[in-house]
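Quick notes on the structure that follows.
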2 protein chains.
Amino acid sequence: MSGISDVLLPTVTTDVFSALANPVRRQLLDSLREGPRAAGELAGQFSLSRPAVSEHLQVLRGAGLVREEPRGRHRYYHLQPQPLAEVGQWLHPYEHFWRERLRSLRDVLDEELS
Amino acid sequence: MSGISDVLLPTVTTDVFSALANPVRRQLLDSLREGPRAAGELAGQFSLSRPAVSEHLQVLRGAGLVREEPRGRHRYYHLQPQPLAEVGQWLHPYEHFWRERLRSLRDVLDEELS
DNA sequence: TCGACGTGTCGGGAGAAGTTGACATGTCGG
DNA sequence: CCGACATGTCAACTTCTCCCGACACGTCGA
């Protein structure tokens, strides 16, 4: 049984771009891509205090990128990737720019190496 | 006459993701997408002090997203979009995730509205 | 050469973010 | 019911970010 609230964003309090600014948070998302993880399990992957990781997770939750599922004495975090679409949208107009630059890089390399 | 240094990144001192965390900086890039702009011209678009904008531009330069071209008493800024490729690469594995979510959103909406 | 203009940089202050240790809460197993 | 465990939260400190006003430097036009 799934409701609409499972799919729509929960209240967003943090900018997605800001949430992604921190490398630890990006790695947390990368981990969650492989499936839900308990908080401690996530904390173990980083040389960081547990509270620090917990607060990073809270920032991600504030950006709507993560959902919590309490389950016994564990709390599982799930990836919630929809807000990333905003980043994708912003990035899209630039895509052909950097492809163009890569092409010209190749051309210059061709010239330099010939 | 173009050399390889025009195409490769200059010394990067700031993380690209951090550079994009600020909305003003994203808007600066959006402006530059339409062509090179002088510093004052860019500053005029925001209700911000000139020094503030100048420092934002410096951050963008630190991330390799912008190039300066001094020209008389103006200084023109050019978009340098290659570093955005890194963002695109990071984002790519998530793309199918959010597409999937959008699809399930549509399905839920279908159900709710029927 | 001199004043006006375009811009970068410096110093400082307000506020946000990151980190850590200590404590509080809730859950499981015996 | 009680101790161990998984986790969140609080207080405090440090560091970073963002912003501004003021000043310095180079360039243009007369």
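Order of the sequence lines sets the chain letters (A, B, ...), proteins ahead of strands, with each chain counted from 1.
- If you take CG on A/L28 and CG on A/L57, they are separated by 5.0 Å, rounding to the nearest 0.5 Å.
- Protein chain A contacts DNA chain C from C/dG18 to C/dC28, reading 5' to 3' and using non-hydrogen atoms of the protein with a distance under 4.0 Å.
- B/F17 is not connected to A/V59 by any chain of hydrophobic side-chain contacts under 4.5 Å among Ile, Leu, Val, Met, Phe, Trp and Tyr, and they are in different clusters.
- Considering only residues two or more places apart in sequence or on other chains, A/R75 meets the side-chain hydrogen bond (donor to acceptor under 3.5 Å, both in side chains) condition with A/E68.
- The minimum heavy-atom distance linking B/V66 with B/Q80 is given by the pair N-CB, 3.7 Å.
- If you check residues 69-78 of chain A against DNA chain D, the residues with a heavy atom closer than 4.0 Å are A/R73, A/H74, A/R75, A/Y77, listed by number.
- If you take CG of B/D15 and P of D/dT17, they are 11 Å apart, rounded to a whole angstrom.
- The line from CG of B/L32 to CZ of B/R67 is 11.0 Å long, rounded to the nearest 0.5 Å.
- Of the inter-residue distances, the one linking A/L79 atom CG with A/R37 atom CZ reads 11.5 Å to the nearest 0.5 angstrom.
- Contact between A/W90 and B/L29 at its shortest, heavy atoms only, is CH2-CD1, 3.9 Å.
- Going from atom CD of B/Q58 over to atom C1' of D/dC20 covers 16 Å, rounded to whole Å.
- With rounding to whole Å, A/E55 atom CD is found 18 Å from D/dT15 atom P.
- By the 4.5 Å heavy-atom criterion applied to side chains, A/L20 and A/L65 are counted as neighbours.
- In the helix from C/dT1-D/dA30 to C/dG30-D/dC1, the terminal helix axes, each the rotation mapping four pairs' C1' atoms onto the next four within five end pairs, subtend 30°, rounded to 10°.
- Here A/Q58 pairs with nothing under the side-chain hydrogen bond (donor to acceptor under 3.5 Å, both in side chains) rule; sequence neighbours left out.
- Looking at residues two or more places apart in sequence or on another chain, you find a salt bridge (Lys or Arg N to Asp or Glu O under 4.0 Å) between B/E95 and B/R99.
- For A/H74, the side chain to side chain contact (heavy atoms under 4.5 Å, CB included) partners at least two apart in sequence or on another chain are A/A38, A/Y76.
- At D/dC18, one or more side-chain N or O atoms of B/N22 fall inside 4.0 Å of OP1 or OP2 (strictly under the cut-off).
- The stretch residues 18-33 of chain A participates, sequence neighbours left out, in these salt bridge (Lys or Arg N to Asp or Glu O under 4.0 Å) pairs: A/R26-B/D15, A/D30-A/R33.
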- request: Would you sort out whether A/H56 and A/L48 count as a side-chain contact (heavy atoms from CB on, under 4.5 Å), showing the intermediate values?
  value: CA-CA 11 Å; A/H56 280 307; A/L48 260 183; 4.2 Å; yes
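- Contacts of residues 23-35 of chain B with DNA chain D (heavy atom under 4.0 Å): B/R25.
- Here A/E55 contributes atom CD and A/R61 contributes atom CZ; the two are 11.5 Å apart, rounded to the nearest 0.5 Å.
- Taking every heavy atom of residues 41-54 of chain A and every atom of DNA chain D, pairs under 4.0 Å involve A/R50, A/P51, A/S54, by number.
- Annotation: side-chain hydrogen bond (donor to acceptor under 3.5 Å, both in side chains) contacts of B/S31 (sequence neighbours excluded): B/Q45.
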